[in-house]
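The chains referred to below are lettered A, B, ... by the order of the sequence lines, with proteins before strands, and numbering in each begins at 1. All values derive from a computational prediction rather than experimental measurement.
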There are 2 protein chains.
Amino acid sequence: MEYRTYDASVCVMTKIFAMIGGKWKPIILYLIKNDINRFGLLKRSMPKISKKILTEQLRELEQDKLITREVISATYPQVIEYRLTESGTSLRVLIDQMLDWGVNHFRNEYTEEMMREFQNKKSVLEVSVS
Amino acid sequence: MEYRTYDASVCVMTKIFAMIGGKWKPIILYLIKNDINRFGLLKRSMPKISKKILTEQLRELEQDKLITREVISATYPQVIEYRLTESGTSLRVLIDQMLDWGVNHFRNEYTEEMMREFQNKKSVLEVSVS
DNA sequence: CAGGCCGGTCACCGGATGGTAACTAATTGA
DNA sequence: TCAATTAGTTACCATCCGGTGACCGGCCTG
């Protein structure tokens, strides 16, 4: 008997998760979509991310062509702007759908306790959403 | 000036990725959807996964209510069947959409070299797809 | 001329994630 | 009696991802 076999190293979905599964990446994509598009703005919007990690995640998103990095002013206080690529924008749509699924899933499948714990962490599902 | 702030620990998308971002999980969901629903079948379909990891990932998917585990026969050679829950089924639809996005993204944004490397790894995009 | 703002880099560290190999129970068939 | 099948468990190990804190250059303001 033969089986069609599968391997994670060759799985498209695994590659996609590698691109956007990073701890802060969905949030970063969400923020950039909403014109929070400069390093400092992003940093201030995510108080718990470090500069190093933020830089890393931005570089990776750029390499994967989900965002672009544009140097507006190289001197002075530097100004650098990030934007979603077309591909990045279309992905963000899918992420939003998945988000809806998640909100629903948690509502249906999770116990009241879990929901309460959720609330305690101030995770307002619909707001701090991505 | 005030900013709405965001934190990964409270981000729904981060939770979703934690659920299905595991190295083998998209593949497992795909296989179970296609009635490759027993431990041994799954193992043989993913030659490079170890029993321990397969068990772990299955348990996690079960805890997150994406699959169910049903003991068909406890004695003999045991028989245990896994199935997608309703929630798991609806998620798999979204994963398939994301997959389409991925195939497209790789085609458009990646260089020819990367595509060639891809081919060398026998990653036939449309087939070993999830 | 010290300090702040901007957008980073660098060396180092720790915990989670994934992986290996050996071992388990219970039953059937040769 | 020995091997094979089923579906795991256990102890241990290695790698990687994310995180911390210090530091950088250049300009402007007090």
Atom pair distance, as rounded to whole Å: NZ in Lys23(A) and C1' in dA16(C): 11 Å
Glu86(B), CD atom: more than 12 neighbouring heavy atoms under 6.0 Å: no
Per-nucleotide protein contact string for nucleotides 6-12 of chain C (B base, S sugar-phosphate only, - none; heavy atom under 4.0 Å): SBBBBB-
Side-chain touch Trp24(B)/Glu56(B), heavy atoms, less than 4.5 angstrom: no
Note, Leu29(B) side chain near Ile67(B) side chain (heavy atom, < 4.5 Å): yes
4.5 Å side-chain heavy-atom contact, Glu109(A) and Asn104(A): no
Sugar-phosphate only, base, or nothing, as touched by Glu60(B) at under 4.0 Å among non-hydrogen atoms: nothing
side-chain contact (heavy atoms from CB on, under 4.5 Å) between Phe39(A) and Lys51(A), worked out: CA-CA 9 Å; Phe39(A) 191 88; Lys51(A) 290 174 163 200; 4.2 Å; yes
Whole-Å distance separating the CD1 atom of Ile49(B) from the P atom of dG19(C): 7 Å
5' to 3' contact window, DNA chain D with chain A (heavy-atom distance under 4.0 Å): dG18(D) to dC28(D)
Side-chain N,O (Gln57(B)) to OP1/OP2 (dT17(C)) below 4.0 Å: no
Exceeds 12 heavy-atom contacts within 6.0 angstrom, atom CD of Gln97(A): yes
Test side-chain hydrogen bond (donor to acceptor under 3.5 Å, both in side chains) applied to Gln57(B) - qualifying residues, sequence neighbours left out: none
Exercise: identify the closest heavy-atom pair between Pro26(A) and Phe17(B): CG-CE1, 3.4 Å
